[in-house]
S.K.: 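A single structure is presented below for examination.
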Amino acid sequence: MEIDKIYEPQTKEKKWYKFWMDNGHFTPKIDPDKKPYTILIPPPNVTGILHMGHVLNNTYQDVMVRYQRMTGHPTLWLPGVDHAGIATQNVVEKELAKEGLTRFDVGRDKLVERIWEWKEQKGGRIIEQLKQLGASCDWSRERYTMDDVLSKAVRKVFVHLYEKDLIYKGNYIINWCPRCNTALSNDEVEHEDETGKLWHICYPFSDGSDFVTVATTRPETMLGDVAVAVNPNDERYKDKIGQTVLLPFIGREIPIIADEYVDMTFGTGCVKITPAHDPNDFMMGQRHGLEPILVMDDHGVMNENAGPLFVGMNRFDCRKKIVEQLQQQRLLAKIEDHQHAVGHCYRCATVIEPYLSDQWFVRMKPLGEPAIDVVNKGEVKFIPERWTKVYLHWMENIRDWCISRQIWWGHRIPAWYCECGEMIVSEEDPTTCPKCGSDKLRQDEDVLDTWFSSWLWPFSTMGWPEKTEDLEYFLPTNLLVTAPGIIYLWVARMIMSTLEFTGKIPFDTVFLHGMVLDEQGRKMSKSLGNSPDPIDLIAIYGADALRFSMIFNTPRGQDSYFSEGVIEHGRNFANKIWNAYRFIMMSVEKIEGLPADDEIELELADKWILSRLNQVTKEANEHFEAVRFNDAAQLLQEFIWKEFCSWYLELSKDRIYNDDNPKAQRTAKYILLHVLEQSMRLLHPLMPFITEEIWQSLKGMLPIEEEALIIANYPQADDCLIDANVDAKMQLVQDCISCIRNLRKQMGISPGKMVNVSIKVARGEQKAIIEDNLGYFSKLAKVEEMTCGTDVERPKPSLADVVTDIEIYLPLTGLVDIDSEIARLEKQEAKLAQDLGRIESKLNNESFTSRAPQEVVDKEKEKYEEVRVTLEKTRTLLDDLR
RNA sequence: GGGUGCUUAGCUCAGUUGGGAGAGCACCUGCCUUACAAGCAGGUGGUCGGCGGUUCAAGUCCGUUAGCACCCACCA
């Protein structure tokens with residue numbers, strides 16, 4: 001058989017993905033007797049293309065899904081795509097702009113149509129890319145948040161919450177993005193610390209007698225001021241309360257009011273009140289019955305309320321002009337630098353404007369309580385655990401959720417207005433007004449926040465509100481894998497909605513991973529150009545290499561640094577596996593059949609590799625169960641590369657090449673095939689393609705009935721084969737060999753030269769182990785003759801003549817140099833003896849034993865005993881060595 | 001202003017209940033040893049951020065301090 005010398009992933013990966021798809025291996029078979037395992041994909045945006053963050057996120061999910069599938073659970077990885085309201089509309093609006101059009105030119109229906117067209121042609125590219133990564137999602141269940149079923153769920157939920165009075169509509173200050181032209185929820189605003197200015201502005205009293213000074217970071221909003229507030233306890237202004245000042249530029253007479261909210265120590269202790277453009281001012285305005293005045297339109301342009309001087313200017317130009325004008329009129333008392341957090345739109349980074357407008361909200365507090373409970377009770381767990389606190393803190397301070405968006409792409413709010421003024425909220429489109437019977441109904445123009453469909457993901461994807469088999473079987477799901485950035489936006493809300501609408505938790509474990517940064521620790525971004533295209537990487541290195549590297553390189557729950565050097569590691573590992581496979585196939589080709597049961601003769605290396613295989617199997621299972629992916633990756637790499645390839649494979653060669661002993665030959669063949677085959681199973685979740693490729697060509701040579709590795713059983717450890725005694729014996733051999741190699745190197749003996757070695761060991765049993773396995777020394781350390789004993793003479797060191805026989809004196813006690821070990825133990829002995837003496841005298845001291853509490857004395861006695869035992873052990877060991 | 005996390009070899013990180021400081025990469029040396037030079041073998045390198053405490057014993061527990069990162073927050 002010809003096997004490539006270098007592993008070529010490209011063709012093989014396509015072949016196996018198709019094989020899995022064609023055989024329906026990604027689709028679980030519902031079996032009521034078995035416990036299902038389910039992961040919901042965090043639906044990528046329909047506009048999205050695969051980036052390194054997705055690679056990490058989806059690799060984690062696929063690893064777990066493949067592991068669980070192999071352990072026998074009917075396993076579902078439910079995929080889908082999010083319609084991403086603002087993001088998608090932005091993309092299509094950009095296309096329109098190229099044609100010189102705006103959305104208003106084409107109109108609502110046409111725009112929505114274009115967005116659907118766009119989706120058909122270009123959307124969901126990321127799905128194809130996930131397939132290249134090896135994602136074993138059940139594509140027959142793929143969902144889109146704008147699917148009919150999901151839309152139905154959205155309406156049902158909306159109406160339900162409305163009827164429970166958990167959805168309300170009203171005029172409040174919300175976060176407004178003047179570029180996207182829509183409201184945003186608090187969680188969609190990203191705050192960034194910036195150095196701004198604090199302008200101190202003089203407002204003269206109406207009678208012209210004097211003035212008060214207010215401080216503001218947004219002077220343009222002064223045009224909408226309706227009052228000036230001071231703290232009622234502030235002595236400076238006590239007598240001013242109730243007086244009025246004249247608002248510059250506008251000439252409006254506004255009162256000085258008293259409100260506890262005002263911080264006397266900040267600025268001048270005087271606050272301008274702009275209820276239409278600041279949330280606090282809005283609340284104060286409500287408390288004092290002040291009418292808000294909007295001075296901007298929805299594009300952030302000053303309106304007629306801003307006065308003739310400023311109308312038509314955008315907010316930032318207006319700010320400049322106001323400051324200029326104030327300076328001219330000598331009303332600007334002071335300008336200070338000021339650090340404050342400025343909100344930006346999470347979609348387009350435009351500075352957010354707090355803005356008074358009519359919006360829909362979800363009352364969150366009542367939904368939050370059960371969601372707090374399930375986390376407190378441990379029914380939903382976070383990994384790493386620390387995120388629990390973050391979640392609970394947010395939930396306990398939860399605020400109402402603004403869900404209406406003034407865009408066109410999304411689920412339109414199921415509310416209609418009749419000309420009679422009646423509002424109808426309904427799952428089905430109403431035809432007539434139930435109050436007046438009119439058919440002149442107008443649906444609310446707004447659409448719902450994208451997250452209003454995402455938060456239903458755990459059950460809307462399974463067909464809710466119908467009572468489907470999926471819903472019954474797969475919910476609650478098990479693992480949610482996502483980044484901490486959307487705990488509030490998504491994770492928390494899914495817990496709330498799923499509890500409210502199904503009475504179940506959505507998932508029992510939330511695994512939160514970090515970000516993928518570049519080598520310099522910067523975020524990957526298009527503008528920096530530091531984000532490699534994963535598809536290119538897959539084309540060059542293969543998906544297995546990419547997957548393994550990402551997992552191997554990423555510490556649990558922390559950010560990781562990616563560079564191409566990282567992925568080379570995975571590529572090299574794949575190649576290593578491939579060559580081990582190549583060696584084994586080439587070696588066993590000529591060897592007929594497998595050994596019969598009574599032919600199997602296991603020697604030390606065989607017993608050892610089986611022991612290690614089972615130990616590793618045990619640990620791999622533990623790592624996957626505990627969601628410790630990188631530990632699993634490290635463990636398996638170490639085992640396959642170091643233990644199996646570097647040690648076992650080398651040691652098997654003598655028997656494999658020796659045709660004179662067919663029994664031993666067949667035994668070695670069997671162990672090689674068996675360990676390789678088991679290793680492929682163990683590694684499959686991490687590197688699915690190469691393992692399937694190798695396993696498929698291997699399985700005919702072993703008694704295996706499973707048809708594909710992807711659905712083969714994950715190995716379970718056989719504890720009987722884990723033998724610490726065997727491990728220790730092998731360890732001794734390995735350490736001796738390393739020692740000899742080290743000394744050879746130090747003495748400059750060429751690698752191929754055979755040498756004679758004398759070894760001094762501490763105990764007779766060690767001598768026996770070495771002498772029983774002289775072949776290993778010959779093979780791996782080029783030892784010709786070995787003299788081994790507890791009393792071997794130290795030969796005269798002769799480095800000069802290294803032509804034929806060299807004797808190496810190798811003082812060993814198990815693993816370490818005897819002399820330095822004795823020195824170390826002597827030091828330890830002295831210290832322990834001293835410690836023991838100190839404790840003893842303390843215990844003999846009457847004033848201590850009589851005065852100290854009994855517990856303390858007992859503790860001291862315990863310690864005495866502990867130190868005494870340690871000292872005894874140390875002395876025994878020392879005697880042994882001397 | 002609150003909260004969380006991190007600080008161990010040049011880099012990225014392990015280090016489970018306190019008891020002889022580890023891995024990978026990088027670097028140096030020697031090897032094309034018939035699976036693999038994307039490899040093999042050997043090696044250099046650390047006052048475990050600082051200070052203080054508990055303990056016979058601290059990378060590990062406690063306190064404190066510094067630096068970094070992220071999250072939350074309506075002080076104009």
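Values in this document were obtained by computation on a predicted structure and should not be read as measured data. Basis for what follows: all heavy atoms, side chains included, without hydrogens, waters or symmetry-related copies. Every chain is numbered from 1, with letters handed out A, B, ... down the list of sequences.
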S.K.: Looking at the base of B/U29, is there any donor atom on it, or on the side chain of A/Lys745, that sits under 3.5 Å from an acceptor on the other one?
M.R.: yes
S.K.: If we take the C1' atom in both B/U12 and B/C40, what is their distance in whole Å?
M.R.: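 It comes out at 25 Å once rounded to the nearest Å.
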S.K.: Could you tell me whether the side chain of A/Arg741 has a donor or acceptor atom within less than 3.5 Å of a complementary atom in the base of B/A41?
M.R.: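 Counting by modelled atom types and ignoring angles, no donor-acceptor contact under 3.5 Å is found here.
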S.K.: Could you let me know what B/C61 is paired to, Watson-Crick or G-U wobble, both distances under 3.5 Å, or none if it's on its own?
M.R.: B/G53
S.K.: Does A/Arg399 have a side-chain nitrogen or oxygen under 4.0 Å from the phosphate oxygens OP1 or OP2 of B/C74?
M.R.: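 For B/C74, OP1 or OP2 has a side-chain N or O of A/Arg399 closer than 4.0 Å.
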S.K.: If we check side-chain contact (heavy atoms from CB on, under 4.5 Å) with A/Thr268, which of these qualifies: A/Val230, A/Thr213, A/Ile201?
M.R.: A/Thr213
S.K.: Taking only side-chain nitrogens and oxygens of A/Lys576, does any of them come within less than 4.0 Å of OP1 or OP2 of B/C40?
M.R.: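 True: A/Lys576 side-chain N/O within range (under 4.0 Å) of B/C40 OP1/OP2.
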S.K.: Could you state the atom-to-atom distance from CD of A/Glu260 to C1' of B/C74 in whole Å?
M.R.: 17 Å
S.K.: Just list the side-chain donor-acceptor pairs under 3.5 Å for residues 629-636 of chain A, sequence neighbours left out, or say none.
M.R.:
{"residue": "A/Asn630", "atom": "ND2", "partner": "A/Thr554", "partner atom": "O", "Å": "3.4"}

S.K.: Expressed in angstrom and rounded to an integer, what is the separation of A/Ile640 atom CD1 from B/G24 atom C1'?
M.R.: 16 Å
S.K.: Does a side-chain N or O from A/Lys5 land closer than 4.0 Å to OP1 or OP2 of B/A37, or not?
M.R.: yes
S.K.: Hey, is the side chain of A/Asn742 poking within less than 4.0 Å of OP1 or OP2 on B/G43, counting only N and O atoms?
M.R.: yes
S.K.: Roughly, in whole Å, what's the span from CD1 in A/Ile6 to P in B/C36?
M.R.: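 Atom-to-atom, A/Ile6 to B/C36, this comes out as 10 Å.
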S.K.: Both distances below 3.5 Å, Watson-Crick or wobble geometry, any strand: find the nucleotide opposite B/G10.
M.R.: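 Looking at the geometry, B/G10 pairs with B/C25.
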S.K.: Would you kindly check whether a donor in the side chain of A/Glu650 faces an acceptor in the base of B/A35, or vice versa, at under 3.5 angstrom?
M.R.: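 Looking at the base of B/A35, it does pair with a donor or acceptor on the side chain of A/Glu650 (distance under 3.5 Å).
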S.K.: My understanding is that a pair needs two contacts under 3.5 Å, Watson-Crick or G-U wobble. By that rule, which nucleotide pairs with B/C68?
M.R.: B/G5
S.K.: Determine the interatomic distance between C1' on B/G43 and the same-named atom on B/A38; round to the nearest Å.
M.R.: 22 Å
S.K.: Walk along nucleotides 6-17 of chain B from 5' to 3' and tag each nucleotide B, S or - by protein heavy-atom contact under 4.0 Å, base first, then sugar-phosphate.
M.R.: ------SSS---
S.K.: Work out how far the P atom of B/C36 is from that of B/A14, and round it to whole angstrom.
M.R.: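 B/C36 and B/A14 have their P atoms separated by 36 Å.
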S.K.: Would you tell me if any nitrogen or oxygen in the side chain of A/Trp641 comes within less than 4.0 Å of OP1 or OP2 on B/A38?
M.R.: no
S.K.: Would you say B/U4 has OP1 or OP2 under 4.0 Å from some side-chain N or O of A/Lys389?
M.R.: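 So the side-chain polar atoms of A/Lys389 do come within 4.0 Å of the phosphate oxygens OP1 or OP2 of B/U4, strictly under.
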S.K.: As a test of reading the structure: which of B/C25, B/C36, B/A41 is closest to the side chain of A/Ser646, going by heavy atoms?
M.R.: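 Selected nucleotide: B/A41.
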